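All chains are named by letter (A, B, ...) in the order of the sequence lines, taking the proteins before the strands, and each is independently numbered beginning at 1. No experiment lies behind these values; they were computed from the predicted model shown.
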2 protein chains.
Amino acid sequence: MARRADTIELAVLGLLHEGPMHGYELRKRLNLMLGWGRVLSYGSLYPALKKMLRANLITEVAGPATTATRRPRITYEVTPAGTEHFQRLMSEVGPTAWEDDNFDIRFAFFSSTDMEIRLRVLEGRRSRLQERLARVQGELERTQAEVNRYAAELQRHGVESVEREVRWLSDLIKAERGGDAHPAPAPTPHD
Amino acid sequence: MARRADTIELAVLGLLHEGPMHGYELRKRLNLMLGWGRVLSYGSLYPALKKMLRANLITEVAGPATTATRRPRITYEVTPAGTEHFQRLMSEVGPTAWEDDNFDIRFAFFSSTDMEIRLRVLEGRRSRLQERLARVQGELERTQAEVNRYAAELQRHGVESVEREVRWLSDLIKAERGGDAHPAPAPTPHD
DNA sequence: GTTAGCATGTAAGGAGTTACATGATTTT
DNA sequence: AAAATCATGTAACTCCTTACATGCTAAC
């Protein structure tokens with residue numbers, strides 16, 4: 001997967017803004033966040049943390065000494081430079097912002113951005129999904145047609161899922177525009 | 001992404017069972033199939049084809065001479081060994097069969113398998129999704145709770161999507177069991 | 001005639017997983 | 001006492017993408 005290193009960086013900075021954390025915990029939270037697909041390995045996370053330390057985006061802090069029993073866990077904190085970097089990354093609207101993984105992370109930390117940015121990211125994401133939809137549906141007219149029931153069913157389900165996500169995004173955009181406090185009051189009871 | 005090479009192999013073999021094809025076309029079909037996420041590059045496909053040629057799973061065949069005008073495209077065909085390999089891969093039930101990308105490809109070529117295999121793959125996939133669901137929901141009780149509205153909304157949407165997929169799988173399983181010819185008559189008109 | 005799409009490849013490089021290595025602590 | 005979970009890392013390896021290289025053919 002191209003360019004997930006940036007994604008990890010963004011996610012780590014975002015999480016550390018909720019408070020200091022050590023690597024192990026960071027990993028769990030990360031997996032919970034983008035954990036619907038792949039799982040993040042230590043071989044990925046720790047080197048990324050080291051890199052961020054070198055770049056002075058985060059610092060190591062000793063545990064608060066309250067827990068003297070535990071093995072000294074290395075707890076990380078964001079530096080001012082880290083905060084600045086985070087804000088800059090979050091303000092970057094552009095293709096990278098609405099690619100699958102990146103979008104999820106950005107969305108999760110939307111609280112740290114202005115509504116203007118939020119709207120542009122949500123709309124960008126929606127456009128991208130609609131493009132995909134159009135391309136696939138156009139392609140489907142030419143190709144296979146009815147051969148292979150299972151492949152067709154998979155396509156159908158895929159299209160439906162994307163359409164669903166488009167509707168989700170539309171609801172969120174409407175909520176943002178309406179200045180609504182709730183991101184999605186879920187007026188559509190599923191099923 | 002770990003182990004997608006096998007996925008490409010499986011997909012190529014499956015597609016070539018629908019008839020001979022050249023690389024460029026293969027790529028388009030493949031992207032249409034697993035194209036909801038990443039796009040397959042030539043740098044991935046052609047080396048894979050070369051490898052399969054060496055392994056004697058496929059052979060090059062000259063274009064049917066009908067199109068003498070075109071640049072000679074290299075058209076590929078499955079060998080008997082390729083067919084055998086494909087059947088073996090498709091019969092392998094196990095964790096790799098119900099991981100995201102792998103599942104999609106296997107599902108697309110379900111016509112080439114027995115119902116028994118199909119059921120085991122569908123059920124395996126469903127179990128895996130349900131485990132994920134349980135793990136996430138358990139985790140959610142401990143962590144964040146109400147902090148960060150956007151992150152919570154993302155989780156909610158994620159959970160809902162997976163629940164939806166579980167229902168889809170259940171319908172398919174029921175259809176398979178009932179000996180129904182249609183994989184999903186869609187008794188649930190969406191929205 | 002030039003742009004866009006068809007068509008096939010290779011080389012370099014990045015990104016991340018697997019497997020390995022180590023050790024403390026809590027639960028069974 | 002053993003097993004599971006917490007906790008931190010590193011090295012090798014795999015895989016894939018990006019970018020490059022080449023040339024034909026159809027449309028504008």
Side-chain angles (χ1 to χ4, degrees), chain A residues 1-12 20-31 34-35 37-54 58 60-63 67-76 95-96 99-102 135 138-139 142-143, chain B residues 1-12 20-31 34-35 37-54 58 60-63 67-76 95-96 99-102 135 138-139 142-143:
Chain A
M1 199 167 290
R3 211 98 335 146
R4 195 153 117 194
D6 307 344
T7 307
I8 293 177
E9 199 173 282
L10 187 63
V12 166
M21 249 175 259
H22 56 273
Y24 196 84
E25 201 183 343
L26 230 22
R27 182 193 179 238
K28 283 209 304 186
R29 295 288 306 272
L30 249 48
N31 283 337
L34 34 80
R38 237 357 76 223
V39 180
L40 187 70
S41 63
Y42 297 120
S44 240
L45 175 62
Y46 285 114
L49 287 173
K50 289 281 150 106
K51 198 186 145 205
M52 290 171 77
L53 271 176
R54 282 197 303 276
I58 56 177
E60 295 182 358
V61 287
T67 43
T69 53
R70 283 214 153 275
R71 183 234 266 247
R73 298 177 299 180
I74 301 171
T75 304
Y76 298 95
T96 51
E99 238 134 65
D100 297 320
D101 268 349
N102 272 301
R135 186 166 46 75
E139 214 89 7
R142 258 194 300 295
T143 6
Chain B
M1 197 169 289
R3 212 85 349 134
R4 195 155 119 195
D6 306 345
T7 307
I8 294 177
E9 199 174 283
L10 187 64
V12 166
M21 248 175 259
H22 56 274
Y24 195 84
E25 200 183 342
L26 230 21
R27 184 194 178 238
K28 283 209 305 185
R29 296 287 306 271
L30 249 46
N31 283 337
L34 32 81
R38 232 9 62 229
V39 180
L40 187 71
S41 62
Y42 297 119
S44 242
L45 175 63
Y46 286 115
L49 288 173
K50 289 281 150 101
K51 199 187 144 204
M52 291 171 75
L53 271 176
R54 282 197 303 275
I58 56 176
E60 296 181 358
V61 286
T67 44
T69 52
R70 284 214 152 273
R71 185 236 264 246
R73 299 176 298 182
I74 302 171
T75 304
Y76 297 96
T96 51
E99 238 134 67
D100 295 322
D101 267 351
N102 272 302
R135 185 166 46 75
E139 214 89 7
R142 259 195 299 294
T143 8

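- Here D:dG9 is the nucleotide among C:dG16, D:dG9, C:dA7 with the atom lying nearest to any side-chain atom of A:I74.
- Nearest-nucleotide positions on DNA chain C place B:K50 closer to the 5' end than the other of B:K50 and A:L45.
- Of the listed nucleotides (D:dG9, D:dT8, C:dT8), D:dT8 has the atom at the smallest distance from the side chain of A:R73.
- Distances shown here put a side-chain N or O of B:Y46 below 4.0 Å from the OP1 or OP2 atom of C:dT8.
- Set against C:dG16, D:dT17, C:dT18, the side chain of B:L40 has D:dT17 as its closest nucleotide.
- Residue A:E60 contributes atom CD, which lies 11 Å from atom C1' of D:dT8 at whole-angstrom precision.
- Here the CE atom belonging to A:M52 is positioned 4.5 Å from the CD1 atom belonging to A:I58, to the nearest 0.5 angstrom.
- The side-chain heavy atoms of B:I74 and B:H22, taken from C-beta on, include no pair separated by under 4.5 Å.
- Taking CZ of A:R73 as the reference point, atom CE of A:M21 lies at 11.5 Å (rounded to 0.5 Å).
- The side chain of A:S41 lies closest to C:dT17, out of C:dG9, C:dT17, D:dT8.
- Separating the CG atom of B:L49 from the C1' atom of D:dC16 is a distance of 15 Å, rounded to the nearest angstrom.
- Per the geometry, CZ belonging to B:R27 stands 14 Å off P belonging to D:dC16, to the nearest Å.
- Residue A:L26 forms a side chain to side chain contact (heavy atoms under 4.5 Å, CB included) with just one option from A:N31, A:V12, A:I8, and that option is A:V12.
- Distance, B:E9 CD to D:dT14 P: 16 Å, rounded to whole Å.
- Checking D:dT17, D:dG9, C:dT8 against every side-chain atom of B:Y24, the shortest atom distance belongs to C:dT8.
- Regarding A:N102, its CG atom lies at a distance of 13 Å from the P atom of C:dA15, rounded to whole Å.
- The CG-C1' distance, from A:D6 to D:dT17, rounds to 14 Å in whole Å.
- Here B:G23 lies in heavy-atom contact (under 4.0 Å) with sugar-phosphate atoms only.
- The nearest whole Å value for the distance from the CZ atom in B:R54 to the P atom in C:dG9 is 13 Å.
- Nearest to the side chain of A:K28, among C:dG9, C:dG16, D:dC6, sits D:dC6.
- Atom CG in B:D6 sits 7.0 Å away from atom CG in B:N102 (nearest 0.5 Å).
- What separates CG of B:L26 from C1' of C:dA7 is a distance of 13 Å, to the nearest Å.
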